[in-house]
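Structure first, then comments.
For the numbers below, each heavy atom of this structure counts, side chains included, while hydrogens, waters and symmetry mates do not. Sequence lines set the chain letters: A, B, ... in the order given, protein chains first and strands last, and positions in each chain run from 1.
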Protein chains: 2
Amino acid sequence: MPSTDAELKKAGLKVTSPRIKILDILKKPEHQHVSAEDVYRILIEQEDEVGLATVYRVLNQFDDAGIVTRHHFEGGRSVFELSAKKHHDHLVCLTCGRVIEFEDEVIERRQLEVAQANQIELTNHSLYLYGECKNADNCEYNTEDANPGRFGV
Amino acid sequence: MPSTDAELKKAGLKVTSPRIKILDILKKPEHQHVSAEDVYRILIEQEDEVGLATVYRVLNQFDDAGIVTRHHFEGGRSVFELSAKKHHDHLVCLTCGRVIEFEDEVIERRQLEVAQANQIELTNHSLYLYGECKNADNCEYNTEDANPGRFGV
DNA sequence: TTTGGTGCAAACGATTTGCAATTCT
DNA sequence: AGAATTGCAAATCGTTTGCACCAAA
């Protein structure tokens, strides 16, 4: 895996302090799905002074460069995620906000067939499943990771 | 099918002129997927004076009442559609903005299985397929219905 | 040095809200 | 009458931009 610096260079982006910090944040497993405001808040919490506008700009550049993928969850705001090596969809718990990634061959194949049947050349798709954890134990609600209401319906 | 008036009453909403006009617009087949601004524009075109704020309020009330379903297509703004008698997903042409509704048993079933496997009680889901019409002929781009860029990536 | 990047504040587009005037029941 | 609804303008929210200043190559 290339270093953060190398990744930025490869994307044709100058290696700057804000970009390094933001990319490093996105790389942390606990920050798999964050909004621009989330990133901004995290930066402030770790005492790094980066303007909100810069966060938006950098995130957009990362999106353009293919470093991150932008998602439109219910609720309006954009959520970013490090571009996965592998395609996957999302299962979101509406109670605790936990996001589970999954991939289903059958669904993927059917999507292509549906598009085909309608004479459409599929360029991309988005599938989100929303639900609630069956056992309170599984549910991360009340956990420090919990972000209740964030994906509220 | 109940009259517009009856539907509003059943939803516990007072029968007012703006609500009747908006619901009637939503019922037209050519307005299956419209944004609040779309509705507002249509109202003005047909010489009906209704405030934009009212359009938003009414659309939200309809959503709460289950009369319409709100969608979050790529691009930010919300698109509303008369609640379907039958569940379906969407296939969107990014070139002409045309929206094709479809339903696929296999996909539906797999979704439930995926949720089940992850101990999540599925409450709802959203699946959007984005692509481009294969033949320029099929593509409604340049048609009066066309709304290019509206769903642009 | 030269080109691109950054912060800040103002600008934006979509949507919501406070409030006084108006309309259903 | 009395409660719900509307219009308008001001307020929000998430996001983008103009511009003077600063930093990487």
Side-chain angles (χ1 to χ4, degrees), chain A residues 3-23 33-44 47-65 67-68 70-80 147 149-152, chain B residues 3-23 33-41 43-44 47-65 67-68 70-80 147 149-153:
Chain A
S3 71
T4 296
D5 276 33
E7 287 179 83
L8 291 174
K9 272 185 194 127
K10 191 174 58 173
L13 296 170
K14 220 181 239 184
V15 179
T16 66
S17 152
R19 298 218 257 242
I20 294 173
K21 287 171 187 159
I22 294 175
L23 184 48
H33 301 89
V34 289
S35 66
E37 294 275 0
D38 287 337
V39 173
Y40 180 61
R41 186 162 24 70
I42 294 169
L43 283 167
I44 289 187
E47 319 251 80
D48 285 316
E49 296 298 322
V50 177
L52 180 55
T54 299
V55 172
Y56 275 103
R57 268 186 296 233
V58 170
L59 250 15
N60 278 329
Q61 291 160 167
F62 283 4
D63 185 20
D64 292 343
I67 296 177
V68 303
R70 178 195 300 264
H71 294 284
H72 301 276
F73 286 160
E74 295 193 354
R77 81 223 72 186
S78 292
V79 175
F80 301 82
N147 198 172
R150 175 156 155 198
F151 304 110
Chain B
S3 70
T4 297
D5 276 34
E7 287 178 84
L8 290 173
K9 271 184 195 126
K10 193 174 56 172
L13 296 170
K14 219 182 240 184
V15 179
T16 67
S17 151
R19 297 218 257 240
I20 294 173
K21 287 170 186 159
I22 293 175
L23 184 46
H33 302 89
V34 289
S35 67
E37 293 274 1
D38 287 337
V39 172
Y40 180 62
R41 186 162 27 69
L43 283 167
I44 287 187
E47 318 251 80
D48 285 315
E49 296 297 322
V50 177
L52 180 54
T54 299
V55 173
Y56 275 103
R57 268 186 295 232
V58 170
L59 250 15
N60 278 329
Q61 290 159 166
F62 284 3
D63 185 22
D64 290 344
I67 295 177
V68 303
R70 178 195 299 264
H71 294 284
H72 300 278
F73 286 159
E74 294 193 354
R77 81 223 75 183
S78 292
V79 175
F80 300 83
N147 198 169
R150 176 156 152 197
F151 305 109
V153 178

*Taking atom P of dT15(C) as reference, at what distance in whole Å does atom CG of Asp38(B) sit?*
10 Å
*Send over the distance from Glu49(B) CD to dT5(D) C1', rounded to a whole Å.*
17 Å
*Results of salt bridge (charged side-chain N to carboxylate O under 4.0 Å, His left out) for Asp64(B) - residues two or more places apart only*: none
_For atom NE2 of His72(A) and atom C1' of dA14(C), their distance in whole Å_ = 15 Å
*How far, in whole Å, is dA11(D) from dG7(D) if one measures between their C1' atoms?*
16 Å
*asked:* According to side chain to side chain contact (heavy atoms under 4.5 Å, CB included), who are the partners of Ala36(A), at least two apart in sequence or on a separate chain?
replied: Val55(A), Tyr56(A), Leu59(A)
*Where the side chain of Asp38(B) meets the backbone of Ser35(B), is there a donor-acceptor pair that is under 3.5 Å apart?*
yes
_Length of the CD1-C1' vector between Ile44(A) and dC8(C), whole Å_ = 14 Å
*Given atom CG of Leu43(B) and atom P of dT6(D), what is their separation to the nearest angstrom?*
12 Å
*For Leu8(A) and dG4(C), what is the distance between atoms CG and C1' respectively, to the nearest whole Å?*
14 Å
*Taking side-chain hydrogen bond (donor to acceptor under 3.5 Å, both in side chains) as the test, write out the residues that go with Thr16(A), two or more places apart.*
none
*asked:* Distance check needed: dC13(D) C1' versus Arg41(A) CZ, whole Å only.
replied: 15 Å
*How many Å lie between CZ on Arg19(B) and C1' on dG7(D), as a whole number?*
14 Å
*How does protein reach along nucleotides 15-25 of chain D, written 5' to 3' as B (base within reach of a heavy atom under 4.0 Å), S (only sugar-phosphate), or - (no contact)?*
BBBB-----BS
*List for me each residue that meets salt bridge (charged side-chain N to carboxylate O under 4.0 Å, His left out) alongside Asp5(B), sequence neighbours excluded, and say none if there are none.*
none
*Pairing residues for Ser78(A) by the side-chain hydrogen bond (donor to acceptor under 3.5 Å, both in side chains) criterion, not counting sequence neighbours*: Arg70(A)
